[in-house]
Amino acid sequence: MSKKFQNFINGKWVDAKSGQTFENRNPANWDEVVGVFPKSGKEDVNEAVRAARVAFEKWRLVPAPKRGDILRKVGDLMVARKEDLSKQMTREMGKVMAETRGDVQEGIDTAYYAGTEGRRLFGHTVPSELPNKFNMAIRVPIGVAGIVTPWNFPMAIPTWKIFPALLSGNTVVFKPATDTPATATSLVEILMEAGIPEGVVNIIHGGGGDVGMAIVSHPDVDLVSFTGSTVVGKKISEVASATLKRVSLELGGKNAQLVMDDGDLDLALDGVLWGAFGTTGQRCTATSRLILHEKIYDKFLGMLVNKVASLKVGDGLIEGVQVGPCVNEGQQKTVQSYVDIGLKEGAKIAVGGAIPKGGGLEKGWFYSPTIFTDVQPSHRIAKEEIFGPVLSVIRTSSLEEGIRILNDTIYGLSSAVYTRNVNNAFQAIRDIKAGITYINAPTIGAEAHLPFGGVKQTGNGHREGGWTVYDFFTEWKTVYIDYSGGLQRAQIDNY
Ligand code: UN1
């Protein structure tokens, strides 16, 4: 019997009102059911929002340092359970254990950061233009936060959103991806164990259309934080505008690594292998284009193809495996369709390009790490987000042209440049249009205490991570205190 999971509303574990369920299976072995989850709908969301609304009136009054104490405890519990959480995550979404451990660690880092932010949450004090008057701007909680998260970072991304939301005094209705509901449930269990009061965090399982959109359109949800595809992000933005709620969107990427002829080629090789094929390419920060200076093009490509051909694909639970499966059948099909498109457009496969056969991989959604050469910047495989282990290689003759190609996308999340020339590096930092630029490091690997997010159609201008996420989860209140004892008219009595 596979384990049965429930929603969590107002401190109680409950089934979906419809009584319906869905299964979650291991993408490395589809015979294995990880769990059975409630297939919820609008009525379940309504109840969760009601609970979160009531809980908000108490939670907002808990001193921020106290809220932080609970989050520190959350971090401690995650440390104690890191190995179990990582295993559970690998079973439900496939990435290798080293990476799921990293994913949990990102949650731990975020918990400890949020914990200490309870003793900061800085505002501003500003002089008044009038005598005997005190001015300040303080941060206040907003209300009920709708949190809608993807499957590729099943622990890290929910924590990026939920921990700052809670620390700031908001309450939460959380809808995790249907591919990773077990990890999300573990997170909620830990939050409750650490002492989060009833109603402050609620989790509703189910699809984006049924549950996600019910959260986004709900008039009593004050803000929505979403990470996922650009297509869904646009839809969310549209629906949310009916109630003018605040929305943070972290969307697609088409990140490139540019290798100059003065770069350290061995380092650049390690970088692109990790950036392109880590998490089976299923990161919004994944390296999906490799732009090579023509002087090192042939040499570097030779080095790369050799290495990629020897990457070990398999079940992420097995020691030594480097590339896990795609998360599900749909994702594997998408990858295959882009490989077909690439070939049709005239690009050439240097390695991979197929579903691997044999070797115990028969029951998983695997795809061989794939490299396309002869890619033109105008090709669809150079423009569209694939979210799989496919790398498109493009040639350039100069730094300026390389940066132009790198910028030639509707997205702008991450970017990487390999050069030993400090002038090239600084020019790249200035001219690349992306939220994140790495010098001599791959496009993946953001740290929890720095701003994370992108420009152009990667998002809508907000940043997660670090101190910046608190701008999203708090509202500014401006306070004027006149202690003169008389009416003082700004702009009038003093000029
Ligand atoms: C994502 O791909 O959605 O920088 C997030 C990184 C990770 C987070 C990625 N720390 O690759």
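One is the number of the first residue; the rest follow in order along the sequence. Whatever order the structure lists ligands and atoms in, that order sets their numbers, starting from 1.
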Kindly confirm or rule out an N or O of [X] lying under 3.5 angstrom from an N or O of ligand 1.
| X | value |
| --- | --- |
| Thr227 | no |
| Phe452 | no |
| Arg283 | yes |
| Phe153 | no |
| Ala446 | yes |

Protein heavy atom at shortest distance from atom 3 (O) of ligand 1: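 Protein heavy atom with the smallest distance to atom 3 (O) of ligand 1: Cys284 SG, 2.7 Å.
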Would you say the side-chain atoms of Thr100 and Lys95 include a donor-acceptor pair closer than 3.5 Å?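 Distance-only check fails for Thr100 and Lys95.
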State if Trp160 counts as touching ligand 1 under the rule of any non-hydrogen atom under 4.0 Å. yes
Looking at side-chain heavy atoms only, is the closest gap between Val339 and Ile349 below 4.5 Å? yes
Determine whether Phe473 and Trp467 satisfy the following criterion, ring-ring contact (aromatic ring centres under 6.0 Å, His included), listing intermediate values before the conclusion. CA-CA 11 Å; Phe473 284 108; Trp467 60 96; over 10 Å; no
Atom indices of ligand 1 within 4.0 angstrom of Ile157 heavy atoms, with elements: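 Taking each heavy atom of Ile157 in turn, ligand 1 has 3 (O) under 4.0 Å.
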Check each atom of ligand 1 against the heavy atoms of Asn152 and keep those under 4.0 Å away; list them by number with element.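 So the atoms of ligand 1 that pass are 1 (C), 2 (O), 3 (O).
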Salt bridge present between Glu464 and Lys161 (N-O < 4.0 angstrom): yes
Heavy-atom contacts under 4.0 Å between Glu106 and ligand 1: side chain, backbone, both, or neither?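 The answer is the side chain.
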Are Phe226 and Trp160, when compared by the centres of their aromatic rings, separated by less than 6.0 Å? no
On the 0 to 90° scale, with breaks at 30° and 60°, tag the Phe472-His462 ring pair as parallel, tilted or perpendicular. perpendicular
Between CG of Leu249 and OG1 of Thr230, what distance do you get to the nearest 0.5 Å? 9.0 Å
